[in-house]
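These notes concern the structure reproduced below.
This chain uses plain numbering: 1 for the first residue, then up along the sequence.
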Amino acid sequence: MSSEKEGTAADRRPRRRSLLSVFGAVTGMLLTVVPLSTAHGASAAAPSPAQSKGTRVSAWSPSMTTGGPSFDNQTIRMVVHSSVAGSGVRITLSNRYSTTPLDVGTVDLAVQASGGEATRGTTRNVTFGGARHVTIPVGEEAVSDVVPISVSAGENLLVSLYVPGATGTSTWHSDAFDTTYIASGNHAGDDSAAAFGTTTTSWYYLAGMDVLSPNARGTVVAFGDSITDGYHSSTGTYTRWPDFLGRRLGSGPGPQKLSVVDAGIGGNRVLTDVPNLWQGVSALKRFGHDALGQPGVKDVILFEGINDIGNNAGPDGRPLTAQDLIDGYRTLIDEAHAAHVNIIGATLMPDQGNGYYTPEAEKIRQSVNQWIRTGGAFDGVIDFDRTMRDPANPAALNPAYDSGDHIHPNDEGMKAMADAIDLRLLRT
């Protein structure tokens, strides 16, 4: 969803996220710049005895794309909403989709007071191999040293990046459904938000935060398109279905056993790259990094394919068939199983009334859903279709859950999706 049919690039540009290029100067220090296939899972250093008391899991990790704006002598302050409690925080900066090295002069981390304001006394300097300044080559990522700060489940931290020079096109996540604050000059260490006169609703260069959790034993990755990304959910309220799932896991009896991260990208497809660059490379290309590369990953919930169907986007430019999509799912299932990761398939929700809907597209959706339910290839099934459809018209969303475009749920619908997940499917 959130496909090219939903608006031109010019229409959607104000909502795009910037891809931040990360430059780092090594200056004789060991810099943790890691290959794309292992970036999220790599350790910045060997764990100390204190760090080894717990499991390192991903607490927050948006998927990144190309095509973000350029920055020059600016500070970018972003909100990170942690899905799990932990300490020993590390952040990942990504220059994966930029064309020039990224120079980051300063990175600071603090507890959010409100908006772009930090809680006084909580600011911590972030280093990379002991250095404050980091340069990240084109196509790579940098994992920070451990930051001595703790975070609670559902708590917000602020990550502030100062980029001293022109970055060129940034690596970003366009649709954050949260507020980012931008200032001229270096204000990374400011508690006050007074200098941050510009706001956006995108994340730039910031691709992850992982923590050492005393209770969680793994990470659940919600992998999908704009419904997973939270399109039409309320900004700054953390009402995407993965957010609701994280809260469900934390509210059960006993300590929270799994973190949840959202690897959704609006407009993303399973089989092919989207012409709109900010909507990402295909699931087939990004799955290994965005899902299987997460620290502590135990489960992936795969909920994607409606953009392939709605755009009739088959391989090699030909019309799509149900078998094409099934073959794509099988490839992702095989990759997950090779990595010893549990993969759960979610049925595709109805969209009658949206521009994606045609009788031919509906036949493909029904065929694909039937295979997800009965094919036995997934380790479990979540029937979002059954939960979200209109009882009086199964080809359409339930009006109570419809945000108005007949394809994306409202906040109530997002909660219904999370509530429909049988938690016993998840490996604890």
Exercise. Please report the closest heavy-atom contact between W203 and V79, naming both atoms and the distance.
Key: NE1-O, 3.4 Å
Quiz item: What's the spacing between L348 CG and D308 CG if we round to 0.5 Å?
Solution: 9.0 Å
Quiz prompt | Straight-line distance of I182 CD1 to M78 CE, nearest 0.5 Å | solution = 9.0 Å
Quiz prompt | Residue pair S94 / E141, side-chain donor-acceptor N/O under 3.5 Å | solution = yes
Quiz prompt | Donor-acceptor under 3.5 Å (S259 side chain, S58 main chain) | solution = yes
Quiz prompt | side-chain hydrogen bond (donor to acceptor under 3.5 Å, both in side chains) partner of T347, the single match among N369, D383, D385 | solution = D383
Quiz item: Is the backbone of T122 close enough, under 3.5 Å, to the side chain of T119 for a donor and an acceptor to pair up by distance?
Solution: no
Self-check item: N-O pairing of R330 and D334 below 4.0 Å
Solution: no
Practice problem: Using atom types as modelled and distance alone, determine if a side-chain donor or acceptor of D108 lies under 3.5 Å from a backbone N or O of T123. | Solution: no
Quiz item: Rounded to the nearest 0.5 Å, what separation is found between the CG atom of N342 and the CG atom of D299?
Solution: 4.5 Å
Practice problem: Hey, could you give me the CG/CG distance between N125 and L109, rounded to the nearest 0.5 Å? | Solution: 10.0 Å
Exercise. Identify the two heavy atoms, one from L320 and one from A313, that lie closest to each other, and give their separation to 0.1 Å.
Key: CD1-O, 3.7 Å
Quiz item: Donor-acceptor pair, S70 side chain versus G168 backbone, under 3.5 Å?
Solution: yes
Quiz item: Which value, rounded to the nearest 0.5 Å, describes the distance between T239 atom OG1 and F244 atom CZ?
Solution: 5.5 Å
Practice problem: Spell out, as yes or no, whether a donor-acceptor pair under 3.5 Å connects the side chain of Y329 to the backbone of E304. | Solution: yes
Quiz prompt | Pair D411, S233: side-chain N/O donor-acceptor within cut-off below 3.5 Å | solution = no
Exercise. List the atom of G116, the atom of Y181, and the distance in Å for their closest heavy-atom pair.
Key: N-CZ, 3.3 Å
Quiz item: Partners of D243 by side-chain hydrogen bond (donor to acceptor under 3.5 Å, both in side chains), sequence neighbours excluded?
Solution: R240
Quiz item: Going by distance alone, is a donor N or O of one side chain under 3.5 Å from an acceptor N or O of the other, for D405 and Y231?
Solution: no
Practice problem: Flag this pair as yes if the NZ/CZ of R286 is under 6.0 angstrom from the six-membered ring centre of F223 and inside a 45 degree cone about the axis; otherwise no. | Solution: yes
Quiz item: Within a strict 4.5 Å, meaning less than it, do heavy atoms of the T180 and R77 side chains meet?
Solution: no
Quiz item: Run the side chain to side chain contact (heavy atoms under 4.5 Å, CB included) check on V159 and V107 step by step: do they pass?
Solution: CA-CA 7 Å; V159 177; V107 184; 4.2 Å; yes
Quiz item: Can you check whether E412's main-chain N or O pairs, donor with acceptor, with N410's side chain at less than 3.5 Å?
Solution: yes
Self-check item: Taking every non-hydrogen atom, the tightest pair across L206 and P62
Solution: O-CG, 3.7 Å
Quiz item: Considering all heavy atoms of both residues, which atom of A283 and which atom of N268 are nearest to each other, and what is their separation?
Solution: N-OD1, 3.9 Å
Quiz prompt | CD1-CZ distance between I372 and F378, expressed to the nearest 0.5 angstrom | solution = 5.5 Å
Quiz item: Can you check side chain to side chain contact (heavy atoms under 4.5 Å, CB included) on S144 and R90, steps first, answer last?
Solution: CA-CA 5 Å; S144 77; R90 302 186 310 181; 3.8 Å; yes
Practice problem: Compute whether any side-chain donor of one residue and acceptor of the other, for H187 and S160, lie under 3.5 angstrom apart. | Solution: no
Exercise. Determine the minimum heavy-atom distance between H81 and W60, stating which atoms define it.
Key: O-CD1, 3.4 Å
Exercise. Would you check, one step at a time, whether the test side chain to side chain contact (heavy atoms under 4.5 Å, CB included) holds for Q294 with V300?
Key: CA-CA 10 Å; Q294 295 292 342; V300 175; over 6 Å; no
